[in-house]
Amino acid sequence: MRKITIKGMDKEFTPLAVNYVDKEQQPNNVINLQIYYLFSKNGKKDIGEPPAIVDSALVEYSRSQIEKFIQNKGYLKAKVTDTIKTKKKKAELIFTTVEGPLFRIRKFSDSIPDKKVENLYKRSNVVFTNVAPGKRFDTDSLAADREAFYLVMKRNGYYDFYRQYISFNYDSTFNKGVVDVQMVIDNPEGRSSHPIYKINNTLITISNSHGRTPGKADTIQVDSQFRFVDFSNKFKPHTVTDYIFQKKGQLYNIDNQQLTTNRLSELNVFRNVPNPTYTKLADSSNRLNTKIDIVPLKRMSDRVEGEFLFAAGRYGYNIGNTFTDRNIFKGAAILQVKLNESILFDNNNNLTTPGAIENQDFNVGLNLIYPRIISPFDFAKPGKYGVPHTTFSTNYSLFFQKGLVERQSFINSITYDFFETPDKQHIITPIDIEFSRGIINHDADSLLLAQKRDSYVYLIGRTIFTTGSQYSYVLNANKLNSYTNFIYFRGNLDVGGNSLAHISNILNTPKDSFGERTLFGYTFAQYSKAEVDLRFYKSLGGERQLIFRTDAGLGVPYGNSSQLIFEKDFYAGGSNDMRAWLPRTLGPGQFNRASYGTDTTAANTRARLQYLDQFGEIKLISNLEYRYKISDDFFGSILKGAFFVDAGNVWRLHKVEEDPNDPLHTPIENPGGQFQLSTLPQSIAMDIGTGLRFDLGFFVFRFDVAFKFKDPEFQGSDQWVLIDHFNELFHTGPFKQAYQADNNANYNFMQLNFGIGMPF
């Protein structure tokens, strides 16, 4: 099959009409077809998409479906014919439409014998805008209005109401392109009106994790409405009853029914939460008893995630493990223990320890997450927009770079998250206490001080603590797995040290050697940091998307701090932003690590500070990514692809000046690293790349290959490395040789990234 052509049809409906062609008569996706030929054996349909073969019976069926479609769009006299053209064993299906007159609604009326239903319709008919005099006659519009009023009925106690009670009569015999439409809402057979139901008692039954109900159950009559039967013996009643939005005496409401199901599922402790079932009382009171049957998840689970990256002689991995206990204290509180280790090796380039670990980042965290707000203040009650959470968190991290520093930090916090609407989420951390300590290698400390690189010693070697607060606002996170057009936004604000500064000023506490105030013998940090992640998602039809993302951040030290603490700085590179650079190897600005010099002392300094000297207080990263589906069946996964362009960098907020009294003329730190509007275009890095995503349903495995396109560490036209030095992409030439001589390291154009999940 080569193509499908629709002729003679209104352009508004042509794209939709193609969807009514039988699936087996649709043109093949070229990539899927090649995958089929490559991997399928003996014509067996294993992987990919087999060639579409023309079938005259299916063509006729497709023609009739297209004809019905355009008639339903108001062209009641439309006719469609089909033609098959063949060339070189490839077929083109041509469907030609003679539309005839477009019929519009002349008069709209209703027939509703039940007066209560009629009054409800009159009160709510402002929401029915699809069918009205003067509008195009469209059966899809009739169906939309029928569905709208069906939901109105189900929200107002009409449990027994069905869509079939609503019908439309229309008369198009005027032969003038007009239709008279009448909506009819019938009564139940043998009754003069529709019954209205109220909620009565509710029975909650929790089975064991296998869905069975053996042995003795915990049975509790909670109150006049709820009876709680727990065969797992692991839950307290309020864990479930807090999220049942159908209260005794209220009218039956289908929205509250769905809301109950959604919120119980979001607790993340139940495997199966079906919609509640209802039983009518035998008397004439029109009351409904509710039954909710729930299957819990297994209490314990463990998940392993990781990614692997390599480039030239450098390679590394990031592996994490999350252990989860889903039901602490029988209240659906979740205990998570997270372990994560990142290691980067360097086989060739480290002068001090060739072939060893360049750096290592180890983290262990414990989170206790309650599905409610635990606070003396009354806010964010369990509601219709989402389950609120209170998270008590404690984390320990160890950053180690051989020959330079070992840095430890402890962070303890309390965080609240809740939804204002389905699209708007707030995350508040009112208290965050952080203690960090750095121990610099003795030789490295002496070397840095001798070169007057005090700010690096200040950055990584001091012991410091601070208290702070954070706030995040998230918009449309619930749409990230959809293919609609939307804007995603996440804004973070982090402020620390202000309360401690106020206390230290009142107490007039002593200062350290840097002139900074201390409390309990330790320096404290004072800063403000903001970061914004803004994305535009554009649907291109089917499972194709175009995403533009901007990630911008600014951190400002002030008061008791002249520099941000190590953990608060911004870094660039890695599989989630600038994908052609390894983590912590880009910027700041136009900083070139060759500026250290080529003598032995300079080379040792450069080697020791690798992955630590390319930081900034300002960050600006932009990504443009096109995502598309390649195959529905690639060895059991959905194969998707991506093309992307990344641009951005990090910058220093202030320039570090050279000391005019320095007889050694020690180079300034991060030359070219300061943020300046005049040099912003020159200091932007760019890469291009492509990738594959293997969607297994429960997780996505990702493989990306990225190429440096513009590298700001160089000057002038040399920045456009992929254009000017394309011939050295996979070979060594003058450019790579010069880079090796200046940096004692290989220049790498290409970066491979393996990971779990989407990059953003």
Side-chain angles (χ1 to χ4, degrees), residues 1-29 52 54-85 91-108 127-150 163 166-183 482-486 537-546 628-629:
M1 187 70 63
R2 184 178 63 183
K3 63 184 293 189
I4 295 172
T5 302
I6 308 289
K7 293 183 177 180
M9 187 176 292
D10 190 317
K11 292 182 179 179
E12 179 184 354
F13 306 118
T14 300
L16 296 174
V18 175
N19 297 328
Y20 287 86
V21 177
D22 188 89
K23 183 178 180 181
E24 294 185 14
Q25 301 300 288
Q26 296 279 356
N28 287 107
N29 178 290
V54 175
D55 184 322
S56 58
L58 293 179
V59 173
E60 167 58 24
Y61 173 76
S62 301
R63 182 206 64 78
S64 66
Q65 292 299 108
I66 294 173
E67 186 173 87
K68 290 178 182 178
F69 162 72
I70 193 62
Q71 289 174 351
N72 289 338
K73 288 302 177 184
Y75 296 95
L76 299 182
K77 297 184 177 182
K79 298 295 180 183
V80 177
T81 58
D82 62 80
T83 305
I84 303 174
K85 288 187 177 181
E92 178 184 4
L93 300 185
I94 302 173
F95 296 95
T96 304
T97 306
V98 178
E99 290 183 327
L102 172 62
F103 283 73
R104 295 186 179 277
I105 298 173
R106 185 182 70 166
K107 180 182 177 182
F108 179 78
V127 303
F128 311 132
T129 59
N130 296 289
V131 182
K135 290 199 171 186
R136 173 169 48 85
F137 177 77
D138 184 339
T139 56
D140 289 338
S141 297
L142 300 181
D145 273 10
R146 179 173 67 176
E147 183 67 19
F149 190 63
Y150 165 78
R163 293 175 181 86
I166 305 175
S167 61
F168 292 91
N169 300 324
Y170 59 91
D171 183 358
S172 61
T173 60
F174 304 101
N175 203 28
K176 294 180 181 180
V178 294
V179 179
D180 286 348
V181 179
Q182 182 187 50
M183 183 186 71
S482 71
Y483 289 95
T484 58
N485 297 327
F486 66 95
Y537 287 78
K538 173 67 176 177
S539 174
L540 301 178
E543 295 187 29
R544 296 179 298 134
Q545 272 185 318
L546 187 67
Y628 58 97
K629 185 170 70 173

Test side chain to side chain donor-acceptor pair (under 3.5 Å) applied to Tyr537 - qualifying residues, sequence neighbours left out: Arg535
Nearest-0.5 Å distance that lies between atom CZ in Arg63 and atom CD in Gln25: 14.5 Å
Under 3.5 Å donor-acceptor, Ser62 side chain and Asp22 backbone: yes
Derivation and outcome, side-chain contact (heavy atoms from CB on, under 4.5 Å), residues Phe69 and Asn19: CA-CA 10 Å; Phe69 162 72; Asn19 297 328; over 6 Å; no
Minimum heavy-atom distance Gln71-Leu76, with the two atoms named: O-CD2, 3.5 Å
Shortest non-hydrogen contact from Arg106 toward Pro133: O-CB, 3.8 Å
Min side-chain heavy-atom separation Phe103-Lys77 under 4.5 Å: yes
N/O donor-acceptor pair under 3.5 Å between Gln65 side chain and Ala17 backbone: no
Lys135 atom NZ: more than 12 heavy-atom contacts under 6.0 Å: yes
Ile66 to Met9 - nearest heavy-atom pair and separation: CG2-CE, 3.8 Å
Nearest-0.5 Å distance, OG of residue Ser167 to CZ of residue Arg146: 8.5 Å
Atom pair NZ/OH of Lys538 and Tyr483 - distance to nearest 0.5 Å: 16.0 Å
Audit row: Asp180, Lys107, salt bridge (Lys or Arg N to Asp or Glu O under 4.0 Å) steps and yes/no: CA-CA 5 Å; Asp180 286 348; Lys107 180 182 177 182; over 6 Å; no
Side-chain touch Tyr20/Tyr61, heavy atoms, less than 4.5 angstrom: no
Closest heavy-atom pair and its distance - Gln26, Val18: NE2-O, 3.0 Å
Pairwise distance CG(Asp55) to CD(Glu24) - rounded to 0.5 angstrom: 7.5 Å
Nearest atoms (heavy-atom pairs only) where Val179 meets Ser172: CG2-CB, 4.0 Å
Polar side-chain atom of Glu67 near backbone of Val80 as donor-acceptor pair, under 3.5 Å: yes
Derivation and outcome, side chain to side chain donor-acceptor pair (under 3.5 Å), residues Ser539 and Gln545: CA-CA 5 Å; Ser539 174; Gln545 272 185 318; over 6 Å; no
Validation row: Lys7, Phe95 side chains within 4.5 angstrom (heavy atoms): no
Minimum heavy-atom distance Asp145-Val131, with the two atoms named: OD2-N, 3.3 Å
Partner set under ring pair (Phe, Tyr, Trp, His ring centres under 6.0 Å) for Phe137, not counting sequence neighbours: Tyr170
Inter-residue atom distance Ile166.CD1 - Glu147.CD, 0.5 Å rounding: 8.5 Å
Side chain proximity check, Lys79 to Thr97, heavy atoms < 4.5 angstrom: no
Glu99 and Ile70, any side-chain heavy atoms less than 4.5 Å apart: yes
Heavy atoms from other residues, nucleotides or ligands near OH of Tyr628 exceed 12 (cutoff 6.0 Å): yes
CZ on Arg136 to CZ on Arg104, rounded to 0.5 Å: 8.0 Å
Side-chain heavy atoms of Ile84 within contact of Val59, under 4.5 Å: yes
Minimum side-chain heavy-atom gap Leu546-Leu540 below 4.5 Å: yes
Short N-O contact, Lys73 and Asp140, less than 4.0 angstrom: yes
